[in-house]
Amino acid sequence: MQYLFYIAFLLYLLYPVQSSEISHTNTQVWGPALTNNANLPVRYLFIHAYDKKNKAIKKDLGDNAFKLTVHDQDAGRVRAWVQVLNLHNGSYIGRFRMYDHGGQLVVNVKHEGKHVASSPYSLKEPCYNTTEVYGDECNCPLPMKQWTKALQCPPTYRQIEEDLKPHKVIELSTFAKRIVERFTPHHSVCHYAVVNNQVYRQCHGSITDFKMFMDAPLLSLTRKVKLPDFEFFINLGDWPLEKSHDDPLPIISWCGSDGTHDIILPTYDITNSVLEMLGRVSLDMFSVQANTGPRWGKKIAKGFFRGRDSRQERLDLASMSVKNPDLIDAAITNYFFFKKDETKYGKSVKPISFFDFFKHKYQLNIDGTVAAYRFPYLLVGDALVFKQESEYYEHFYKDLEPWKHYVPLKHDLSDVMEQVKWARKNEKKAREIQRAATEYARTNLKPADIFCYHTALFREFAARQNGTVKILNTMEKVEQPETSCKCKRSKKTKKNERKEEL
Ligand SMILES: *[C@@H]1O[C@H](CO)[C@@H](O)[C@H](O)[C@H]1NC(C)=O
Ligand SMILES: *[C@@H]1O[C@H](CO)[C@@H](O)[C@H](O)[C@H]1NC(C)=O
Ligand SMILES: *[C@@H]1O[C@H](CO)[C@@H](O)[C@H](O)[C@H]1NC(C)=O
């Protein structure tokens with residue numbers, strides 16, 4: 001008897017909350033997964049649990065409080081990988097990747113077998129009586145206005161305006177020749193042409209494997225949205241290229257720097273995490289939010305870093321860690337560029353899971369070859385980010401401010417110890433900065449934001465081009481993957497779209 005009592009008591013302790021607290025009707029569900037036309041590689045929604053007194057529940061309700069399923073009213077089963085991520089504070093992110101599905105869709109969100117909020121959500125196009133719910137590989141592009149409206153894309157971005165300022169007119173008859181002359185054969189660049197929403201390219205240079213990181217988002221985008229005809233060059237290297245201030249050429253790169261004038265796209269890293277979410281990639285802006293380690297108060301209050309030896313400051317940081325192990329836990333995981341010196345930099349350590357970074361309260365973001373592409377994932381975790389001052393930037397850095405979103409570190413890292421000590425002494429302010437950063441990243445670096453940014457840049461780039469877009473006979477067509485998904489949008493819908501476009 002006593003034994004049973006202990007088991008019951010233990011279960012009570014483990015079960016974080018009495019589930020009856022959750023109100024089916026007060027709980028809130030929202031997000032692009034519930035919107036017609038908001039086609040993305042992975043559809044997602046947010047769940048906030050509310051109790052019967054209509055108060056937001058802030059404690060961990062366990063991993064299984066909500067169940068997400070999708071089905072097709074006519075065909076029944078939809079082939080999909082569905083996941084609900086527990087953010088451990090009464091909030092959840094639900095997401096799903098559909099395979100070859102094109103048609104109508106019903107999204108169900110349930111708690112203990114009963115629908116919550118306005119579930120079931122039936123996704124249909126009300127005016128045209130057609131449905132616009134398509135899996136990633138379905139080739140069924142929508143007019144740009146319709147798609148950007150569904151995803152609530154902002155009209156433009158500050159970084160895009162700034163990047164395109166020197167390019168009032170992009171002369172198509174000469175720009176390709178000039179770019180090839182200036183940057184090749186020393187750099188690897190690819191020339192893309194998008195014509196009738198088909199993708200063509202020609203690469204120049206010796207190392208062009210990274211073209212796959214441009215092919216994939218372009219193909220995925222053109223399956224979802226009609227892009228204007230346009231041409232562009234992407235720089236496949238790490239470093240931005242255009243040093244000319246007076247007469248910059250419009251070359252697109254994944255990383256910008258203060259001394260160069262390239263046009264910036266979101267990095268291939270974050271873009272790929274959007275494309276491969278619930279697929280080949282496990283680190284993305286959503287998975288981090290569900291894996292932020294112990295609560296703030298339980299995290300180890302040290303500056304944490306793991307990474308390759310791609311920059312002198314990373315080594316300097318590792319040697320500071322040897323001398324100040326109570327303040328800094330920094331180690332090199334892989335020696336490639338510099339000579340290994342264990343007495344100076346400590347032992348090289350095995351890489352750990354990114355999610356385990358968040359056992360530490362203070363995350364040190366130190367440049368690699370260029371900007372450290374882990375920055376978005378660090379910001380969205382539940383830890384305070386310290387960012388090395390740097391000339392390099394990604395597409396969103398200009399939205400961020402030191403002391404508001406992160407603690408700045410001098411470029412030579414000479415103030416790391418001082419800043420860590422500051423954070424330890426100023427818990428409240430540190431937490432405030434962390435919260436602002438997480439909020440920013442959650443709101444502005446979602447999959448929709450990454451796709452919206454690409455679309456906005458391509459649209460504004462195309463609008464500046466003068467001349468006809470040509471498919472060179474040296475270009476090859478970049479083919480869409482095979483799929484059994486059929487674009488079912490009716491002729492009537494298409495006719496209406498054409499009217500809208502005119
Ligand atoms: C859970 O945490 C995230 C940020 O970490 C926040 O945006 C969300 O509102 C929180 N949910 C609740 C119910 O407080
Ligand atoms: C609208 O959709 C319903 C159900 O899918 C179908 O039965 C009906 O015939 C459609 N109406 C038109 C005008 O296409
Ligand atoms: C566009 O190209 C045409 C033909 O080459 C040229 O006459 C015209 O001036 C160009 N427009 C601008 C705005 O540069």
Side-chain angles (χ1 to χ4, degrees), residues 16-17 19 21-24 26-32 44-63 65-66 84-95 109 111 116-117 164-178 228-231 247-250 284-299 355 357-358 361 363 376-385 404-406 430-449 460-470:
V17 79
S19 54
E21 266 184 58
I22 298 175
S23 156
H24 288 84
N26 293 339
T27 288
Q28 294 186 4
V29 178
W30 75 99
Y44 53 90
L45 52 81
F46 305 96
I47 306 170
H48 254 190
Y50 277 71
D51 66 14
K52 304 217 157 102
K53 291 180 193 139
N54 208 13
K55 266 181 59 191
I57 298 176
K58 297 223 161 131
K59 50 186 154 178
D60 190 346
L61 298 169
D63 291 345
F66 296 97
V84 177
L85 294 166
N86 179 7
L87 307 194
H88 307 288
N89 66 350
S91 287
Y92 293 79
I93 296 171
R95 55 180 177 171
V109 185
H111 166 62
V116 299
L164 289 180
K165 217 175 271 163
H167 307 287
K168 296 229 159 38
V169 179
I170 298 170
E171 219 26 271
L172 279 178
S173 55
T174 53
F175 101 115
K177 190 163 165 275
R178 296 178 66 206
D229 288 358
F230 71 114
E231 285 178 47
D247 185 21
L249 288 169
D284 60 66
M285 291 301 280
F286 290 150
S287 63
V288 172
Q289 293 179 49
N291 292 284
T292 56
R295 278 184 293 121
W296 177 260
K298 298 250 156 107
K299 289 184 196 291
F355 300 146
F357 278 36
F358 297 107
K361 207 184 245 183
Q363 302 294 330
Y377 311 114
L378 289 179
L379 289 173
V380 87
D382 202 15
L384 179 66
V385 182
K404 189 172 169 202
H405 300 99
Y406 60 85
R431 185 69 161 146
E432 209 175 280
I433 296 172
Q434 177 271 313
R435 287 216 169 101
T438 306
E439 193 51 37
Y440 171 83
R442 281 171 62 95
T443 318
N444 297 287
L445 301 173
K446 298 182 303 296
D449 302 305
E460 295 185 29
F461 196 84
R464 286 165 162 77
Q465 295 191 333
N466 184 33
T468 6
V469 178
K470 281 202 205 94

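In listed order, ligands and their atoms are each counted from 1. What's counted below: heavy atoms across the whole structure, side chains too, no hydrogens, waters or symmetry copies.
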Taking side-chain contact (heavy atoms from CB on, under 4.5 Å) as the criterion, tell me which of Thr27, Asn89, Asp51 meets it with Ile57. Asp51
Compute the shortest N/O to N/O distance between Thr438 and ligand 1 and return yes if it is under 3.5 Å, no if not. no
How does Ile57 reach ligand 1, if at all, at less than 4.0 Å between non-hydrogen atoms: by side chain, backbone, both, or neither? backbone
re atom 14 (O) of ligand 1, the protein heavy-atom contact at minimum distance is Lys58 CE, 3.5 Å
for atom 13 (C) of ligand 3, nearest protein heavy atom and its distance come out as Val169 CG2, 3.9 Å
Counting from 1 in the order shown, the ligand 3 atoms closer than 4.0 Å to a non-hydrogen atom of Glu171 are 1 (C), 2 (O), 10 (C), 14 (O)
Around atom CZ of Arg464, are there more than 12 heavy atoms from other residues, nucleotides or ligands closer than 6.0 Å? yes
Protein contact for atom 9 (O) of ligand 3 (heavy atom, distance under 4.0 Å): no
Contact region, Asn89 to ligand 1, non-hydrogen atoms below 4.0 Å, reads both
Is there a donor-acceptor pair under 3.5 Å between the side chain of Lys446 and the backbone N or O of Thr443? yes
Flag, side chain of Gln28 to backbone of Ala49, donor-acceptor distance under 3.5 Å: no
To check you understand the geometry: which heavy-atom pair defines the closest contact between Asn466 and Val169, and what is its length? CB-CG1, 3.8 Å
Kindly assign one of parallel, tilted or perpendicular to the pair His111 and Phe66, based on the angle between their ring planes and the thresholds 30° and 60°. tilted
Atom 7 (O) of ligand 1 has as its nearest protein heavy atom Arg442 NE, 3.1 Å
So, for Tyr92 and Phe46, is the gap between ring centers shorter than 6.0 Å? no
Glu439 neighbourhood, listing ligand 1 atoms whose heavy-atom distance to it stays under 4.0 Å: 7 (O)
Heavy-atom proximity to atom 11 (N) of ligand 1, best of Gly381, Ser91, Gly90, Ala49: Ser91
Protein contact to atom 4 (C) of ligand 3 [nearest heavy atom, distance to 0.1 Å]: Asn466 ND2, 4.7 Å
Could you see which bit of His48 sits under 4.0 Å from ligand 1, with heavy atoms only: side chain, backbone, both or neither? side chain
With no hydrogens and no angle check, just 3.5 Å: does a side-chain donor-acceptor pair link Asp63 and Asn86? yes
